[in-house]
**Student:** 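Mind looking over this structure? Questions follow.
From a predicted model like this one, the values you see are computed outputs, not experimental measurements. When a ligand or atom number is given, it counts from 1 through the structure's own listing order. Residue numbers run from 1 in the order of the sequence given. The figures that follow rest on heavy atoms only: side chains count, while hydrogens, waters and symmetry mates do not.
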Amino acid sequence: MFVYADNAATTQMSAAAKEALCAGMEQAWANASSLHTPGQKAREQLEAARAQIASCIGASPREIYFTSGGSEADTQALFSLARAGARKGKRHLISTTFEHHAVLHALEALEKEGYSVTLLDVHETGVVTPEQVAAAIREDTALVSVMYVNNEIGTVQPIREIGAVCREKGVPFHTDAVQAVGHLPVDVAADNVDLLSLAAHKFHGPKGVGVLYAKAGTPLSNVIYGGAQERSRRPGTENLPAILGMAAALREACDSLPENTARWTQMRDRLISGLSAIPHSRLNGDPVRRAPGIVNFCFEGIEGESLLLLLDAKGIAASSGSACTSGSLDPSHVLLALGLPHEVAHGSLRLSFGAANTMDEVDYILETVPGIVSYLREISPVWEALETGRQPHRI
Ligand SMILES: *Cc1c(COP(=O)(O)O)cnc(C)c1O
């Protein structure tokens with residue numbers, strides 16, 4: 001059996017997305033800025049995709065800016081709001097300790113330019129509260145950025161309530177919704193957000209394409225300079241085939257959301273109860289406030305990397321956290337943000353579902369993981385120290 005359970009890293013393109021992308025390459029290859037007929041046809045398709053994507057998140061088409069993906073959308077969102085704040089003498093930025101590196105590293109770059117950054121604690125639950133945001137906002141706060149769904153542990157933040165606090169205090173609010181769009185109902189108006197990032201490859205669309213939603217009137221500054229594409233805010237000839245693939249994938253994801261949510265929730269809950277039966281294991285993140293498709297566990301006394309390799313040998317593709325940090329031996333900044341000790345954070349496993357996963361696959365995972373965990377513990381000197389009482393158990 002082969003099980004792909006790493007959909008939070010990326011998803012496989014759906015048939016509908018591939019079809020739209022290929023049709024785009026065949027028929028919509030012209031430059032959407034050209035005045036000739038093929039160019040104008042490409043323009044029409046571009047605007048149809050924009051309208052379709054807008055309707056899936058409750059936006060208006062002119063609030064959609066196509067980007068190269070989630071990282072670019074995050075970067076542009078933060079730099080835009082920071083620059084706009086600085087023009088009014090506001091140089092304080094608020095975010096959280098467990099954001100994606102696209103946000104954290106953009107904030108670090110801004111910090112080097114003289115902005116001051118407050119990163120809110122996400123508690124052991126992996127949830128930020130609106131009260132924390134309210135308490136952190138100052139006279140000189142230029143932006144608040146809080147991710148919708150954490151990509152490693154799957155906790156869902158109270159975005160609507162945080163957005164309401166920001167509105168009341170007049171502070172612009174950005175959310176990295178890359179793991180939310182296509183997985184949860186997202187509505188930019190109801191959620192009180194000013195800027196939102198999404199990426200197609202997290203909902204069965206193509207890689208290298210995403211969207212920055214910017215509420216009308218929100219000041220955007222450029223990350224890329226060039227021509228007049230995307231109202232001059234994101235120059236560069238549009239990757240129309242990819243955009244068409246993204247629109248098709250999002251349409252499909254939104255249409256199948258109720259059904260997928262129900263299925264994933266059942267699968268997730270079975271996975272959580274099965275893995276919880278392994279001694280000295282812990283579910284990371286709030287047990288209730290979580291996205292249907294992401295499960296993250298720590299198993300004491302083992303290395304996440306060894307677990308992944310043995311799972312891979314059994315045909316299960318999973319992750320120990322974020323794809324961006326694998327390869328480095330540092331434990332995940334997200335798990336450390338929850339307050340987990342380094343040695344516990346090292347033994348993590350993230351399983352994340354996509355449209356194609358089934359309950360049979362969950363059962364296969366549950367048949368496979370406990371044996372591998374026991375085997376790794378048998379050969380682990382750390383586990384021996386824990387079991388003989390030379391070191392105290394942390395889980
Ligand atoms: C994947 C991801 C990103 C980065 O998106 P790319 O399209 O890969 O640049 C940003 N934020 C979160 C939460 C993600 O999961």
Side-chain angles (χ1 to χ4, degrees), residues 4-13 17 21 53 57 64-79 95-109 119 122 126-128 145-157 159 162 174-184 186 191 193 195-213 223-224 234 236 239 242-243 245-247 249-250 253 284-285 290-296 318-327 332-335 337 350-354:
Y4 182 75
D6 196 16
N7 288 276
T10 198
T11 57
Q12 190 180 11
M13 273 174 73
L21 185 136
I53 289 167
I57 59 167
I64 300 296
Y65 296 83
F66 294 118
T67 69
S68 67
S71 301
E72 186 190 326
D74 283 342
T75 304
Q76 187 166 13
L78 295 176
F79 274 78
S95 188
T96 78
T97 50
F98 77 162
E99 296 295 313
H100 190 274
H101 281 135
V103 166
L104 289 178
H105 290 166
L107 290 171
E108 273 171 30
L119 295 182
V122 297
V127 180
V128 196
S145 178
V146 176
M147 72 197 313
Y148 212 121
V149 170
N150 182 275
N151 50 306
E152 289 191 32
I153 57 174
T155 51
V156 182
Q157 308 307 309
I159 291 303
I162 292 172
H174 164 253
T175 185
D176 173 343
V178 173
Q179 294 288 346
V181 171
H183 298 259
L184 294 176
V186 170
D191 289 342
V193 303
L195 293 174
L196 174 146
S197 315
L198 66 88
H201 74 106
K202 302 292 174 69
F203 51 78
H204 301 285
K207 281 167 252 301
V209 65
V211 162
L212 175 61
Y213 156 82
V223 170
I224 292 173
R234 206 296 187 172
N239 185 353
I243 290 168
M246 169 165 64
L250 187 56
N284 292 312
R290 42 191 324 122
I294 301 179
V295 170
N296 188 309
S319 142
S320 60
S322 156
C324 319
T325 45
S326 53
S332 134
H333 73 285
V334 173
L335 298 180
R350 177 185 71 183
L351 297 156
S352 47
F353 302 135

**Student:** So do Val127 and Gln157 actually touch side chain to side chain, heavy atoms under 4.5 Å?
**Tutor:**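 They are in contact (side-chain heavy atoms under 4.5 Å apart), so the answer is yes.
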**Student:** Return yes if a side-chain donor-acceptor contact under 3.5 Å exists between Glu99 and Thr96, otherwise no.
**Tutor:**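 Yes, side-chain donor-acceptor contact under 3.5 Å.
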**Student:** As a test of reading the model: which N/O atoms of the protein lie under 3.5 Å from N/O atoms of ligand 1, and at what distance?
**Tutor:**
unit_1   : atom_1 : unit_2 : atom_2 : d
ligand 1 : 7 (O)  : Gly70  : N      : 2.9
ligand 1 : 7 (O)  : His201 : NE2    : 3.3
ligand 1 : 8 (O)  : His201 : NE2    : 3.0
ligand 1 : 9 (O)  : Gly70  : N      : 3.4
ligand 1 : 9 (O)  : Ser71  : N      : 2.8
ligand 1 : 9 (O)  : Ser71  : OG     : 2.7
ligand 1 : 11 (N) : Asp176 : OD1    : 3.3
ligand 1 : 11 (N) : Asp176 : OD2    : 2.6
ligand 1 : 15 (O) : Gln179 : NE2    : 2.7
ligand 1 : 15 (O) : Lys202 : NZ     : 2.8

**Student:** Ignoring hydrogens and geometry beyond distance, is a side-chain donor-acceptor pair present between Asp74 and Ser197 at under 3.5 Å?
**Tutor:**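 Short answer, yes.
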**Student:** Using a 4.5 Å cut-off on heavy atoms from C-beta on, say whether the side chain of Gln179 contacts that of Ile294.
**Tutor:**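 Yes, close enough: below the 4.5 Å cut-off.
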**Student:** As a quick check of understanding, evaluate side-chain contact (heavy atoms from CB on, under 4.5 Å) for Tyr213 and Val193, giving each step before the final call.
**Tutor:** CA-CA 9 Å; Tyr213 156 82; Val193 303; 4.1 Å; yes
**Student:** Which distance, rounded to the nearest 0.5 Å, do you find between the OG1 of Thr97 and the CG of Leu104?
**Tutor:**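 Answer for the OG1-CG pair, Thr97 versus Leu104, is 8.0 Å.
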